Amino acid sequence: MAEMEILDADITRIRAKIAALHAHRANLSTILLSQPHLPSRLQPRPVLHEGNHRDAAARAEVQLKRNTENVYRACAGITSFKVKDPDPYAVDNGNVLGVRIEVSIGGRFIETYSVLFNRQDTQSKHVLKIHKHTIPPCIPLQQLANKWLPMSTKDAGVAPEQNLVRFGKSLRKELVSWHLRLAAIRTLRAEAGVDEKPKPATEEAQKPVIGIVLNAFVSDDESEEEDEDAGEDTVQSRHGGSIRIASIEADAAAREVLITWTNQRIGVIKVAKDGTVEKAVVRGADGTAQSAMSRAALGRIEGLVQRLAA
Amino acid sequence: MAPNTKASVPDYRNIPHAHRVPVNHREVQRIFSKLSRQSLISLALQWLAKKNRDFCRPYLLGDNDAAEADEDEQYTPAQSLDELQEIYKQLAARKGGKREVQDRILEGDWRTGISMYQLATADIQYLLDHTNSLRWTAKRLARIPNAKSAVLDMEVTNDSDHLPRFQAQTFMANLARELTPLMKAHYLLTKIKTLPMTILRVYMHDSPYSTEASLAAEMGSSDSAKAVFFIWPNGSPFVYSSIANHLGQGIGDDGRHLRDIVQQAIPKAFSRPSARYQLAGTNFSTKSLEALLNYRGSGKSNAAAGGWSVFQDHSFSQNALDFITSQNEKSSARTQATAGAQDNTSSASAIPSMGRPTKHTLDSTQSSDSKRRRAVAEGRFGTSALPGDGQGLERIEVRIDDAFPQTPGGGPQAVDESNARTANHDRRKGRPSILDRSIAEVEELEDGEAWVPDVRVVFQGPHVFAGIRQLVEQGVVDGEEMPGWMTGEAGVTVAAVKGGRIQTKKGHELDV
């Protein structure tokens, strides 16, 4: 038995080593291919194997293109590209203009979004229409398109004024601020010590799939509800002073955050797109508003936990 | 418990979670017999958890007040809830049959009845265990345009909200207010941990009473489905609805009618003053929850289906700091797409094609037919439509709206009606479908010169688009001439096609 385990461990170690070496080789070849003068040095000399030479030149070319592309993407944030719609029935012979938006947070590029445009009407050359996109629905893409890329309405013939640059800018702003809000909420969770770490896969089977029941108290049995509330209160008061945040939940757009404390106190805060806490309501277990805390919550979303703890 | 359990007086209340139905009720038997052993144990443990105990009171030794100590009872009632929890944990730890647990629940610990809460959670558990068990229709909550605030609606500001706001308590109160005059119902609204969605189960009780006695009395009556499900994927304007009909159980007119009532109440419950919503169809229905979340979910995939799926992940645009080119050589088509992606700043060579085979044959020396076809399929379908990706659509229905070709090969319309597509068309006359032409459309067609027959194509199977992809790879369907809707890029399951393109209805905005 033990022998098997040792062998298994050996195999996994060797596999990991192979993967690491592969990555290292890819890295080295990239560095080599990115040498500034490589293309020119590959050019003139007659060589023994013409095939090898052509292969090398092609690889250097690919690498050069990739480098240029990446530099533009990393520095500009919004780049455009052209693709061909493979659909033989596509409008405008399948010419598609893509706009790519990079979102970088904390020193790394975390996501790339694309919007693909086509020209519905080949007459008006500059009127673009959104064809496909990968923007999540919590971003107001349609509203932005209505504003900056209006389509010609009933009185056709007059090409509407479209502003692709402003559209790209405002869309990027929406996307980046959304990711920043998501990151801010992750930070809040870490600060409050309620990190939702995914459990190891072995426990998956045991985990109940049904989450919080949202209408647990909508039942009409008033008396029962009160009884339970009272019961919870006494339990909590016995715990004494150790009141802390039990959970922080946010909606998908990270605009509304629900904070629950261990003593049944509940706070709902509304976050503007730029990360300011606009409105906040905190209520105790008995339903009374706690205005001091609500006021403390207003301000930037960063540091919310500290302000609420103070 | 409600004080007037015995007296049957019509009232205006919902059915509370704690109301119980007898264990031999048809719904109880049906739901419990479908669940697996593991799910049953997990459910029992949830019911015994502190926060749920009020809704799921088990039968304990102390409850045996009538001193009717049955000698032959199979399960001795437990002393306390904690003891019961221990029993179920032990059951979870060891292996055994599912019957053992089911009998213990129904004949032992909850012999006095299964509460509505238990019934609902059990039903949801089954739904999540078998995500292909029900047929779902996706709808979109669309804002009813308001003449006054039309300008405001378009504005995107720092604090504007374009999605309907979902506040569970307000929503439940509004929904109950809409529905209680029409029917008694039990609601369970819950968040799901494993999938990004909120689920609402409405158990419809067609009776003027909301008492336990009336719930139990219902068992003799109709056999149609009683519960409807609604699902909100988090952070999206969509709602999925379904009738919880069990295998072999018909959906009666009553069930359909009740579902429609609940469905009509939902946009009203979402609406606020100055922001009114309605449910708009999205021409999409399927059995697979995963597919729903992919085509009408909250992620990047809604409007980039089919071949455009390469834009969702990093197969088209690598990370902006990923400079390594040599590793991506696994699939030739993918590197082509990546290498071909040019900024408009780099040299203006020919526009790269995503899947046009001309390019592939040019620089691939290994152009055997099957490899080429596979490359074409890769270009048309991208990373989508792979068997086993769990996102299979099982039925696609399209109506071909092209004019009948006048003379063979005379004109571009004839080319449209090319090869395999016409092979399996099927004229359907029967129950009305949303594909039936409206009167206006029919008139429009009659005005025209050409004859446009009502031709419909239905694709059916466990994963339709994976099937078409395989047909392309095997050369049955010509991957280059195939219209785009056959790759699933339109993201609809019902559509009308004209000139090789999906027709969008007027006023239909982007399905975001």
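Order of the sequence lines fixes the chain letters, A, B, ..., with proteins taken first and strands second; residue numbering starts at 1 for each chain. Below, all heavy atoms of this structure are taken into account, side chains as well, without hydrogens, waters or symmetry copies. In this text, all values refer to a predicted model and were calculated from it rather than measured experimentally.
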Is there a donor-acceptor pair closer than 3.5 Å between any side-chain N or O of Arg73(A) and the backbone N or O of Leu321(B)? no

Tell me whether Lys300(B) contacts the main-chain N or O of Thr112(A) through its side chain, where contact means a donor paired with an acceptor under 3.5 Å. yes

Part of Ala90(A) lying under 4.5 Å from any heavy atom of chain B: backbone

Are more than 12 heavy atoms from other residues, nucleotides or ligands located less than 6.0 Å from atom NZ of Lys169(A)? no

Give the minimum heavy-atom separation between Asn67(A) and Phe323(B), together with the two atoms involved. OD1-CD2, 3.2 Å

Sort Ser236(B) into side chain, backbone, both or neither according to what part of it lies under 4.5 angstrom from a heavy atom of chain A. both

With sequence neighbours left out, write down each residue that passes ring pair (Phe, Tyr, Trp, His ring centres under 6.0 Å) with His162(B), or none if nothing qualifies. none

Which atoms of Ala490(B) are under 4.5 Å from chain A, going by heavy atoms: the side chain, the backbone, both sets, or neither? backbone

Honestly, is Lys132(A) close enough over Phe311(B), meaning NZ or CZ under 6.0 Å from the six-membered ring centre and within 45° of the axis? no

Under a 4.5 Å heavy-atom cut-off, does chain A meet the side chain of Met116(B), its backbone, both or neither? neither

Could you grab the distance from atom CE of Met482(B) to atom OH of Tyr89(A), nearest 0.5 Å is fine? 10.5 Å

Answer with side chain, backbone, both or neither: which region of Val271(A) has an atom nearer than 4.5 Å to a non-hydrogen atom of chain B? neither

Any non-hydrogen side-chain atom of Lys191(B) less than 4.5 Å from a side-chain atom of Glu249(A)? yes

Set of ring pair (Phe, Tyr, Trp, His ring centres under 6.0 Å) partners for Phe171(B), sequence neighbours left out: Phe166(B), Trp232(B), Phe270(B)

Quick check on Ile31(A) against chain B: is it the side chain, the backbone, both or neither that has a heavy atom closer than 4.5 Å? neither

How long is the gap from CG on Leu141(A) to CG on Asn302(B), to the nearest 0.5 Å? 11.5 Å

Name the option with the most non-hydrogen atom pairs under 4.5 Å to chain B; the candidates are Ala272(A), Ser104(A), Gly94(A). Ala272(A)

When only pairs under 4.5 Å are counted, which of Ala252(A), Cys138(A), Ala253(A) shares the most heavy-atom pairs with chain B? Cys138(A)

Are Asn70(A) and Gln318(B) linked by a side-chain donor-acceptor pair shorter than 3.5 Å? yes

Asn319(B) versus Arg108(A): any side-chain heavy-atom pair under 4.5 Å? no

Nearest-0.5 Å distance, CG of residue Asp87(A) to CZ of residue Arg501(B): 8.0 Å

What residue in Glu111(A), Lys173(A), Glu102(A) has the most heavy-atom pairs under 4.5 Å with chain B? Glu111(A)

Could you walk me through whether Leu163(B) and Arg255(A) pass side chain to side chain contact (heavy atoms under 4.5 Å, CB included), step by step? CA-CA 11 Å; Leu163(B) 288 180; Arg255(A) 298 288 307 280; over 6 Å; no

For the residue pair Gly297(B) and Pro137(A), what are the closest heavy atoms and their distance? O-CG, 3.4 Å

Asp251(A) (side chain) donor-acceptor with Gly235(B) (main chain) under 3.5 angstrom: no

Would you say the ring centers of Trp308(B) and His131(A) fall short of 6.0 Å from each other? yes

